[in-house]
Amino acid sequence: MRFVGNRVVLIGAGDVGVAYAYALVNQGIADELCIIDIDEKKLEGNVMDLSHGVVWAGKRTKVRKGTYADCEDAAMVVICAGAAQKPGETRLQLVDKNVKIMHAIVDEVMANGFDGLFLVATNPVDILTYAVWKFSGLDHSRVIGSGTVLDTARFRYMLGELYDVSPKSIHAYIIGEHGDTELPVLSSATIAGVSMRKMLEKDPELEPRLEKIFEDTRDAAYRIIDAKGSTSYGIGMGLARITRAILNNQDVALPVSAYLEGQYGEEDIYIGTPAIIDRSGIHRVVELEISDREMSRFKHSAQTLRAIKDEIFPAGE
Ligand SMILES: NC(=O)c1ccc[n+]([C@@H]2O[C@H](COP(=O)([O-])OP(=O)(O)OC[C@H]3O[C@@H](n4cnc5c(N)ncnc54)[C@H](O)[C@@H]3O)[C@@H](O)[C@H]2O)c1
């Protein structure tokens, strides 16, 4: 029997799934990538196309059409399957359709002896990550949502443009729901090591500019979907980043959808927050020091998610 190595099973190879697969192969993150999709013909084309690029990638990732039996030896199952957001549709309106899809997928994955980590991107991601956790029966540390990884990347990019510095030198998180109630954490943000709180104290005109950057961050998905039908490259690269943190046991803080057990005074929900990610999954949720105003916005975001989560999973069930 050949050594399997780090096998990733990707379920759902639409715009997001394929962008993730491309980033994964290009960056040489996994040893094997098995892809499952109900659209078999399109899947076959994508598998061929991706495989032909392997020669130029950092390493030989074996890309092939997968089946649920591949989940048995997989390190990770990454879920990008589901209905996509239509123009004008909020992420939360997608919930019913996608909870049913998640249930069917997770049942199949678990029936095949899966013992790895789930990474979920399908929207509304915070609710669906909770659903995957419930349906799988795994410990919550092993079920991770992409959360605000994309929103944070957008925010850091836009701040980088404002200050003409690489987004890598900017430490600023978007937390809360991956959606309309998310919020920026400015109180602990730094630009190239300089405290944003101090910059705000010195320059009263900065606050409205930052609020506008946040609004552009929050509404970016609507603009991109309106222009090209879906958002894919940013989230594909964000998912690849989380995968690298897991498979390389990196212990890095990334903004993901994590299960709260009292952090920020909240429990029994999945929501966007930085968390330390390693080979075991969410090693620790990072509870940021946030201002009173940020806390009240976070609470509003948590309540929005909780109301939907409670409709699908009434307390005690
Ligand atoms: N978390 C994020 O930041 C983020 C960003 C962008 C998009 N998304 C979400 O990702 C999801 C996918 O978006 P997309 O643009 O790739 O959509 P898409 O319609 O292009 O792709 C969805 C794919 O899922 C497949 N699929 C559907 N049901 C399936 C099943 N039961 N088993 C296997 N495959 C199945 C479809 O055949 C299709 O290929 C959506 O829910 C979207 O809202 C999340």
Side-chain angles (χ1 to χ4, degrees), residues 9-23 34-47 65-68 70-71 77-109 112 118-132 135 144-155 174 176-180 182 217-243 254-258 270-272 305:
V9 175
L10 166 63
I11 304 176
D15 290 347
V16 171
V18 167
Y20 167 65
Y22 182 62
C34 307
I35 314 181
I36 298 172
D37 196 292
I38 47 176
D39 186 342
E40 297 261 340
K41 190 167 175 226
K42 194 167 139 206
L43 174 59
E44 207 154 302
N46 275 319
V47 166
K65 250 171 98 172
T67 68
Y68 280 94
D70 292 316
C71 297
V77 164
V78 181
I79 307 182
C80 300
Q85 205 174 353
K86 301 256 161 55
E89 186 178 43
T90 69
R91 293 182 182 94
L92 296 180
Q93 284 165 341
L94 279 174
V95 70
D96 278 340
K97 269 189 261 177
N98 283 336
V99 165
K100 289 196 183 83
I101 294 175
M102 287 309 108
H103 204 165
I105 288 174
V106 173
D107 281 358
E108 283 265 24
V109 170
N112 279 278
F118 276 105
L119 174 58
V120 183
T122 309
N123 276 321
V125 71
D126 303 290
I127 302 291
L128 294 184
T129 308
Y130 187 96
V132 168
F135 298 146
I144 306 170
S146 57
T148 45
V149 76
L150 175 58
D151 320 72
T152 296
R154 286 175 175 150
F155 193 50
I174 301 287
E177 173 205 356
H178 168 57
D180 298 338
E182 68 189 24
T217 300
R218 185 194 57 203
D219 300 338
Y222 293 115
R223 287 185 58 199
I224 298 170
I225 290 168
D226 192 44
K228 69 169 199 120
S230 70
T231 76
S232 53
Y233 303 119
I235 182 60
M237 291 174 80
L239 291 170
R241 177 68 191 94
I242 298 169
T243 304
L254 291 172
V256 294
S257 192
Y270 268 88
I271 192 164
L305 287 173

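Numbering of ligands and ligand atoms starts at 1, following listing order.
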*Nearest to atom 44 (C) of ligand 1 by heavy atom, Ala121, Gly14, Ala19: which?*
Ala121

*asked:* Please give me the minimum heavy-atom distance between Glu182 and Glu177, naming the atom from each residue.
replied: CB-O, 3.0 Å

*Taking atom NZ of Lys41 as the centre, does the number of heavy atoms from other residues, nucleotides or ligands within less than 6.0 Å exceed 12?*
no

*Does Gly229 come within less than 4.0 angstrom of ligand 1, counting non-hydrogen atoms of the residue?*
no

*Would you check the N or O atoms of Ser230, main chain and side chain alike, for any that come under 3.5 Å of an N or O of ligand 1?*
no

*Identified side-chain contact (heavy atoms from CB on, under 4.5 Å) counterpart of Arg154 within the set Thr148, Ile174, Ile224*: Ile224

_Selected option - heavy-atom contact closest to atom 42 (C) of ligand 1, from Thr129, Val149, Asn123_ = Asn123

*Enumerate the atoms of ligand 1 whose separation from the nearest heavy atom of Ile235 is less than 4.0 angstrom.*
1 (N), 2 (C), 3 (O), 4 (C), 5 (C), 6 (C)

_Measuring from atom 33 (C) of ligand 1, which candidate in Ile38, Ile224, Asp126 has the nearest non-hydrogen atom?_
Ile38

*Taking only heavy atoms of Cys80 into account, list the atoms of ligand 1 that are under 4.0 Å away from them.*
11 (C), 12 (C)

_Exam field: side chain Thr217 to backbone Asp151, donor-acceptor pair closer than 3.5 Å_ = no

*asked:* If you measure every N or O of Asp37 against every N or O of ligand 1, does any of those distances drop under 3.5 Å?
replied: yes

*Determine, stepwise, if the pair Val120 / Ile144 fulfils side chain to side chain contact (heavy atoms under 4.5 Å, CB included).*
CA-CA 6 Å; Val120 183; Ile144 306 170; over 6 Å; no

*Do the side-chain N and O atoms of His178 and Asp126 include a donor-acceptor pair separated by under 3.5 angstrom?*
no

*Using a strict cut-off of 4.0 Å, indicate which atoms of ligand 1 neighbour a heavy atom of Ala83.*
40 (C), 41 (O)

*Distance-minimising heavy-atom pair for Val9 and Asp70*: CG2-O, 3.8 Å

*Under 3.5 Å donor-acceptor, Asp15 side chain and Ser232 backbone*: no

*Ala104 near ligand 1, heavy-atom distance under 4.0 Å?*
no

*Would you mind telling me if ligand 1 is within reach of the side chain of Ala13, the backbone, both or neither, using heavy atoms under 4.0 Å?*
backbone

*Any idea which part of Ile101 is under 4.0 Å from ligand 1, heavy-atom wise: side chain, backbone, both or neither?*
side chain

*Going by distance only, is there an N or O of His178 that falls short of 3.5 Å from an N or O of ligand 1?*
yes

*Classify the contact between Leu150 and ligand 1 as side chain, backbone, both or neither, using a heavy-atom distance cut-off of under 4.0 Å.*
side chain

*Can you see which heavy atom on Asp37 is nearest to which on Gly14, and at what distance?*
OD2-N, 4.0 Å

*asked:* Below 30° counts as parallel, above 60° as perpendicular, anything between as tilted: where do the rings of Phe135 and His103 land?
replied: parallel

_With a sphere of 6.0 Å drawn around OH of Tyr68, does it hold more than 12 non-hydrogen atoms of other residues, nucleotides or ligands?_
yes

*Contact atoms of ligand 1, heavy-atom distance to Val16 under 4.0 Å*: 6 (C), 7 (C), 10 (O), 13 (O), 14 (P), 15 (O), 16 (O)

*Using distance alone, decide if ligand 1 has a nitrogen or oxygen within less than 3.5 Å of any nitrogen or oxygen in Thr231.*
no

_Distance filter under 4.0 Å to Ser146 heavy atoms, resulting ligand 1 atoms_ = 1 (N), 2 (C)

